[in-house]
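The basis for the numbers below is simple: all heavy atoms, side chains too, and nothing from hydrogens, waters or symmetry mates.
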Amino acid sequence: MSIVIYHNPKCSKSRQTLQLLEQNGVTPEVIHYMDAPPSADTLRDLLGKLGMTSPRELMRTKEDEYKQLGLADAGKTDAELLAAMSAHPRLMERPVVVNGERAALGRPPENVLEIL
């Protein structure tokens, strides 16, 4: 089974997580999600694998897009939040590492060791 990392090379935590995987003998499939944003369905699948119940748990709430799009509005549906993350991938917390039916957020990078 292949391990996948949703990676942003501009993010230090993402780079550290990728390096940690490689140090542990893992050569993951690297998805540069800023260039190829995940669909709303893929994001929904990631939430399930991460054990998260709301898209907000995977959102970077300090990004300008979060404020500009009014995503703090509690009336926003999960579908609206997922669509916003797909359209604006910077809103997605990073990195996410997937191993089969399990996933972990690399914050801190050591979190991903639990799913290897």
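When all heavy atoms are compared, the tightest approach of L105 to P95 is CD1-O, 3.2 Å. Here the shortest heavy-atom pairing between S54 and L47 reads O-CD2, 3.8 Å. In plain terms, the two heavy atoms of V112 and G106 that are nearest each other are CG1-CA, 3.9 Å. Taking all atoms of both residues into account, the shortest heavy-atom contact from A84 to L69 is CB-CD1, 4.4 Å.
One hydrophobic cluster, built from ILVMFWY side chains closer than 4.5 Å, holds both M52 and Y6. Cluster membership for L82 and V96, using ILVMFWY side-chain heavy atoms within less than 4.5 angstrom, is shared. Following chains of ILVMFWY side-chain contacts shorter than 4.5 Å, one can reach L113 starting from I5, so the two form part of one hydrophobic cluster. In the hydrophobic clustering of ILVMFWY residues, with side-chain heavy atoms under 4.5 Å counting as a link, L43 and V98 come out together.
Under the rule for a salt bridge (Lys or Arg N to Asp or Glu O under 4.0 Å), the partners of D41 that lie at least two apart in sequence or sit in another chain are R44. With sequence neighbours left out, the side chain to side chain donor-acceptor pair (under 3.5 Å) criterion links T61 to no other residue. Considering only residues two or more places apart in sequence or on other chains, E65 meets the side chain to side chain donor-acceptor pair (under 3.5 Å) condition with R90. Checked against side chain to side chain contact (heavy atoms under 4.5 Å, CB included), R102 has the following partners two or more places apart in sequence or in another chain: I115. For R15, there are no side chain to side chain donor-acceptor pair (under 3.5 Å) partners, not counting sequence neighbours. Checked against side chain to side chain contact (heavy atoms under 4.5 Å, CB included), T53 has the following partners two or more places apart in sequence or in another chain: E57.
Applying the side-chain hydrogen bond (donor to acceptor under 3.5 Å, both in side chains) test to pairs two or more places apart or on separate chains, those with a residue in residues 68-86 are T77-E80. For residues 103-116, the pairs satisfying side-chain hydrogen bond (donor to acceptor under 3.5 Å, both in side chains) are E93-R107, with sequence neighbours left out. Sequence neighbours left out, the pairs with a member in residues 12-67 that pass ring-ring contact (aromatic ring centres under 6.0 Å, His included) are H7-H32.
Remark: side-chain polar atoms of K49 are not paired, donor with acceptor, to backbone N or O of N99 under 3.5 angstrom.
Interatomic distance, CG of L71 versus CE of M59, reported as 4.5 Å (0.5 Å rounding). Put simply, CZ on R56 and CG on L91 are 11.0 Å apart, with the number rounded to the nearest 0.5 Å. Note that CG of D64 and NE2 of H88 are 12.0 Å apart. Values are rounded to the nearest 0.5 Å. Taken from SG in C11 to CE in M34, the straight-line distance is 10.5 Å, to the nearest 0.5 Å. Atom-to-atom distance recorded for L18:CG and N8:CG is 12.0 Å, nearest 0.5 angstrom. The CG atom of D45 lies 9.5 Å from the CG atom of L50; values are rounded to the nearest 0.5 Å.
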Show me the donor-acceptor pairs within less than 3.5 Å that the side chains of residues 21-31 make with the rest of the protein, sequence neighbours left out.
residue, atom, partner, partner atom, Å
N24, ND2, L20, O, 2.9

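Between P108 and K13 there is no side-chain heavy-atom pair separated by less than 4.5 Å.
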